Enquirer: 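My questions will all concern the structure given below.
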Amino acid sequence: MASIRRTLSPAYHHRSYQNGAGFSSPSHKFLPNGNSKHSSSRHLPLLFTALNLVYRKGWRRSLCWCLFFFLIGFVFGITLFGNMDTDIRAEDFAFPELKPPHVDLLLDDQIVTSVSLGIHTRLQEPKEVDDLIGPPLKQLIVVTPTYNRGFQAYFLNRLGQVLRLVKPPLVWIVVEEKVASFETAEILRRTGVMYRHVVCTRSPSEPKDRGVHQRNAALEHIERHKVDGIVFFADDDNVYTVELFESLRTIRRFGTWPVAMLAPSKNKAILEGPVCNGSQVIGWHTNEKSKRLRRFHVDMSGFAFNSSILWDPKRWGRPYSNPFRQLDTVKEGFQETTFIEQVAEDESQMEGILPGCSRIMNWHIHLDTSNLIHPKGWLLEKNLEITLAIK
């Protein structure tokens, strides 16, 4: 088998060439043919001549080869792709329109023609906090006179639990005689209702005038501090519904409603209060004995009014110099009508609570507790024995 051996190229020495004679190099084998179709081949001899000059330096041989092959690739790249269309338009970079394939869906023999994903639907803007909450509620000012007697704790606790169910704002003004007792203050704290514990320093000449002076003390407190809201006289021994207190907030000036009362004989109930046509007061429910004597037939817990009448009467066209107070100089049962005559001139300035005034929302129960013993506490003299039931 014949073998071909190629002698190594002689070492190149630094010498000058006369008459511009060149030299040959093995790297000429990589030169393209002179008949190549590439237009850049005629520039390659000059390139190789420059490379051979650097190649003779010895240690730069590797760098020269790297540079050589880089230039070869660069020249061929420009030559091959030189005839490409360089007219680049903006449409060439536009994203293609993606459309889902058309699919016919059959659901219970019904053809779904379109499906909306709601992408272009504008999200609803959140409502304002004021729109969700609504207008602020009127404050209720509940005035309750009380005194030390049997069932006092029961009455106050029962009324306090009802007021606890009413939406705020509400302030409970509880008026006592002479001093504020610790027992009453403890009951008020446990109810969880916002309250004011007021003391009436004026001593009544008769027991019937006790409540009159206590209510006047509360009216003086409201007038002095200009407490804004709807004033309602709620005695502690009456029975009230939560609906009544919520209805009081609809009162603009003076409101009234019928009250069911237990007759003195305790065998029948008497209805006392307004007769209404819608919210207009057109008459009164009353008994035969008193209908000719009283102007307004209303129970003490059967009306309420705006507190600004007390400390801003000019707003309501009542420029009185004297304060509005209940009178102790009239007979029992006439304190209501004499006080209402100061606040409202006639039925045209009154509002019937609930249309038609056909709902009974509170009851006035006359319970005589004067002879009942009011114990200060319970005393167990002996320990209780535990008896186990045997089944």
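Every value quoted in this text rests on a predicted model; they were computed, and no experiment measured them. Just so you know, residue 1 is the first one in the sequence shown, and it goes up from there.
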Enquirer: Under 3.5 Å, is there a donor-acceptor pair between the side chain of Glu186 and the main chain of Phe182?
Expert: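 Flag not set: sc Glu186 to bb Phe182 has no pair under 3.5 Å.
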Enquirer: Output, in order, the C-alpha distance, side-chain angles, deciding distance and verdict of side-chain contact (heavy atoms from CB on, under 4.5 Å) for Asn216 and Glu220.
Expert: CA-CA 6 Å; Asn216 287 337; Glu220 182 181 356; over 6 Å; no
Enquirer: Could you state the interatomic distance from CG (Asp228) to OG (Ser307), rounded to the nearest 0.5 Å?
Expert: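 One finds 4.5 Å between CG of Asp228 and OG of Ser307.
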Enquirer: Could you walk me through whether Arg295 and Glu347 pass the salt bridge (charged side-chain N to carboxylate O under 4.0 Å, His left out) test, one step at a time?
Expert: CA-CA 10 Å; Arg295 173 67 178 87; Glu347 287 81 359; 2.9 Å; yes
Enquirer: Can you find a heavy atom in the side chain of Leu159 that is under 4.5 Å from one in the side chain of Thr144?
Expert: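 Yes. Closest side-chain heavy atoms under 4.5 Å.
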Enquirer: Between Lys138 and Ile251, is there a donor-acceptor pair closer than 3.5 Å when you use the side chain of the first and the backbone of the second?
Expert: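 Indeed, once roles are kept as given, a pair shorter than 3.5 Å links the two residues.
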Enquirer: Determine the minimum heavy-atom distance between Pro313 and Phe324, stating which atoms define it.
Expert: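 Nearest pair, atom of Pro313 first, then Phe324: CB-CE1, 4.2 Å.
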Enquirer: With a 3.5 Å distance limit and no angle check, can you tell me whether Arg158 reaches the backbone of Val239 through a side-chain donor-acceptor pair?
Expert: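 It does not hold such a pair.
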Enquirer: Strictly distance-based, threshold 3.5 Å: is any side-chain N or O of Glu176 a donor or acceptor partner for the main-chain N or O of His197?
Expert: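 Not a single qualifying donor-acceptor pair exists.
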Enquirer: Can you find a pair of side-chain heavy atoms, one from Asn362 and one from Thr241, that are under 4.5 Å apart?
Expert: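 A side-chain contact is absent here, since even the closest heavy-atom pair is not under 4.5 Å.
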Enquirer: If you measure from the Lys or Arg side-chain nitrogens to the Asp or Glu carboxylate oxygens, is any gap between Asp236 and Arg149 under 4.0 Å?
Expert: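 The answer is yes: the pair qualifies as a salt bridge.
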Enquirer: Please round to the nearest 0.5 Å and tell me the distance separating atom CG of Leu354 and atom CD1 of Ile360.
Expert: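 So the gap between those two atoms works out to 10.5 Å.
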Enquirer: Checking Thr201 side chain against Lys178 main chain: does a donor-acceptor pair fall under 3.5 Å?
Expert: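 Judged by distance alone, no pair lies under 3.5 Å.
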Enquirer: Do you reckon Val199 sits in the same ILVMFWY cluster as Trp172, going by side-chain contacts under 4.5 Å, direct or chained?
Expert: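 Shared cluster, no.
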Enquirer: Indicate, with yes or no, if Met194 and Ile222 share a hydrophobic cluster defined by side-chain heavy-atom contacts under 4.5 Å among Ile, Leu, Val, Met, Phe, Trp and Tyr.
Expert: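 Per the 4.5 Å side-chain linkage, Ile222 and Met194 are co-clustered.
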Enquirer: Examine the side chains of Ser279 and Glu351 and answer whether a donor and an acceptor come within less than 3.5 Å of each other.
Expert: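 No, Glu351 and Ser279 have no side-chain donor paired with an acceptor closer than 3.5 Å.
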Enquirer: Tyr240 and Ser301: which non-hydrogen atoms are nearest, and at how many Å?
Expert: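 Looking at all heavy atoms of both residues, the shortest contact is OH-CB, 4.0 Å.
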Enquirer: Kindly check if the number of other-residue, nucleotide or ligand heavy atoms within 6.0 Å of CZ (Arg190) is above 12?
Expert: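 Atom CZ in Arg190 is packed in, count exceeds 12.
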Enquirer: Answer yes or no: is there a donor N or O on one side and an acceptor on the other, between the side chain of Thr338 and the main chain of Gln335, under 3.5 Å?
Expert: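 Yes: the side chain of Thr338 pairs with the backbone of Gln335.
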Enquirer: Do the non-hydrogen side-chain atoms of Val175 and His213 ever get within less than 4.5 Å of each other?
Expert: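 They are not in side-chain contact.
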Enquirer: Test side-chain contact (heavy atoms from CB on, under 4.5 Å) on Val227 and Gln139 and set out the steps.
Expert: CA-CA 9 Å; Val227 183; Gln139 180 174 241; 3.8 Å; yes
Enquirer: State the CD1-CG distance between Ile365 and Asp237, to the nearest 0.5 angstrom.
Expert: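 Result: 8.5 Å between the selected atoms.
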Enquirer: Pairing donors with acceptors under 3.5 angstrom, does anything connect the side chains of Trp316 and Asn306?
Expert: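 Checked: Trp316/Asn306 side chains show no N/O donor-acceptor pair below 3.5 Å.
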Enquirer: Applying side-chain contact (heavy atoms from CB on, under 4.5 Å), run through Val142 and Ile173 and close with a yes or a no.
Expert: CA-CA 6 Å; Val142 182; Ile173 301 179; over 6 Å; no
Enquirer: Please report the C-alpha distance between Phe232 and Phe305 in whole Å, then the side-chain angles of each, then the deciding distance to 0.1 Å, and finally whether the ring pair (Phe, Tyr, Trp, His ring centres under 6.0 Å) criterion is met.
Expert: CA-CA 7 Å; Phe232 173 48; Phe305 59 95; over 10 Å; no
Enquirer: Kindly indicate whether the side chain of Leu188, heavy atoms from C-beta on, has any atom under 4.5 Å from the side chain of Val174.
Expert: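 In short, these two side chains touch, coming nearer than 4.5 Å.
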Enquirer: Would Asp328 and Arg202 satisfy salt bridge (charged side-chain N to carboxylate O under 4.0 Å, His left out), going step by step from the backbone distance to the final call?
Expert: CA-CA 12 Å; Asp328 59 351; Arg202 183 176 179 180; 3.5 Å; yes
Enquirer: Please find the pair of heavy atoms, one from Phe296 and one from Glu345, that lie closest to each other, and give the distance.
Expert: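 Looking at all heavy atoms of both residues, the shortest contact is CZ-O, 4.0 Å.
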Enquirer: Membership question, hydrophobic clusters at under 4.5 Å side-chain separation (ILVMFWY): are Val275 and Trp257 in the same one?
Expert: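 Each belongs to a different hydrophobic cluster.
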Enquirer: May I have the step-by-step check of side-chain contact (heavy atoms from CB on, under 4.5 Å) for Phe233 and Asp299, ending in yes or no?
Expert: CA-CA 10 Å; Phe233 297 121; Asp299 185 73; over 6 Å; no
Enquirer: Quiz question: by atom type and distance under 3.5 Å, do the side chains of Thr146 and Gln152 form a donor-acceptor pair?
Expert: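 Yes.
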Enquirer: Between atom CD1 of Ile230 and atom OG of Ser247, what is the distance when rounded to the nearest 0.5 Å?
Expert: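 Taking CD1 in Ile230 and OG in Ser247, the distance rounds to 12.5 Å.
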Enquirer: Between Arg215 and Asp235, is the closest basic N to carboxylate O distance under 4.0 Å?
Expert: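 Salt bridge: yes.
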Enquirer: Closest approach of Pro168 and Leu137, non-hydrogen atoms and distance?
Expert: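 Heavy atoms of Pro168 and Leu137 come nearest at O-CD1, 3.7 Å.
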Enquirer: Roughly how far apart are Thr337 OG1 and Gln342 CD, rounded to 0.5 Å?
Expert: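 Result: 10.5 Å between the selected atoms.
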Enquirer: Do Gln326 and Met300 come close enough that some side-chain heavy atom pair is under 4.5 Å?
Expert: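 Heavy-atom side-chain distance check passes, below 4.5 Å.
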Enquirer: Compare every heavy atom of Thr256 with every heavy atom of Gly302, then report the nearest pair and how far apart it is.
Expert: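 That would be O-OG1, 3.0 Å.
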Enquirer: For Pro258 versus Pro274, what's the shortest heavy-atom pair and its separation?
Expert: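 It is N-CD, 3.6 Å.
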Enquirer: Is the shortest side-chain N to carboxylate O distance from Glu341 to Arg294 below 4.0 Å?
Expert: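 Judged by the 4.0 Å cut-off on N to carboxylate O distance, Glu341 and Arg294 do not form a salt bridge.
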Enquirer: Let me confirm one number: the SG-CH2 distance from Cys276 to Trp284, rounded to the nearest 0.5 Å.
Expert: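 Interatomic distance, Cys276 SG to Trp284 CH2, rounded to 0.5 Å: 8.0 Å.
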Enquirer: Exactly one of Lys167, Arg249, Arg359 should register a salt bridge (Lys or Arg N to Asp or Glu O under 4.0 Å) with Glu243. Which one does?
Expert: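 Of the listed residues Lys167, Arg249, Arg359, the salt bridge (Lys or Arg N to Asp or Glu O under 4.0 Å) partner of Glu243 is Arg359.
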Enquirer: Any side-chain heavy atom of Glu336 sitting closer than 4.5 Å to one from Glu272?
Expert: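 Result no, sub-4.5 Å side-chain heavy-atom pair not found.
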Enquirer: Side-chain contact test, heavy atoms from C-beta onward, threshold under 4.5 Å: evaluate it for Arg189 versus Tyr195 and give yes or no.
Expert: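 In short, these two side chains touch, coming nearer than 4.5 Å.
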Enquirer: Going hydrophobic residue to hydrophobic residue with side-chain gaps under 4.5 angstrom, can you get from Val212 over to Leu310?
Expert: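 Not linked; separate clusters.
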Enquirer: Just wondering, do Ile340 and Met350 contact through their side chains at under 4.5 Å, heavy atoms?
Expert: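 Sidechains of Ile340 and Met350: in contact.
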Enquirer: Could you tell me whether Phe254 and Phe303 have their ring centroids closer than 6.0 angstrom?
Expert: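 Ring centres of Phe303 and Phe254 closer than 6.0 Å.
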Enquirer: Given the rule that I, L, V, M, F, W and Y join up when any side-chain heavy atoms are under 4.5 Å apart, are Met361 and Val242 in one cluster?
Expert: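 Linked, Met361 and Val242 end up in one cluster.
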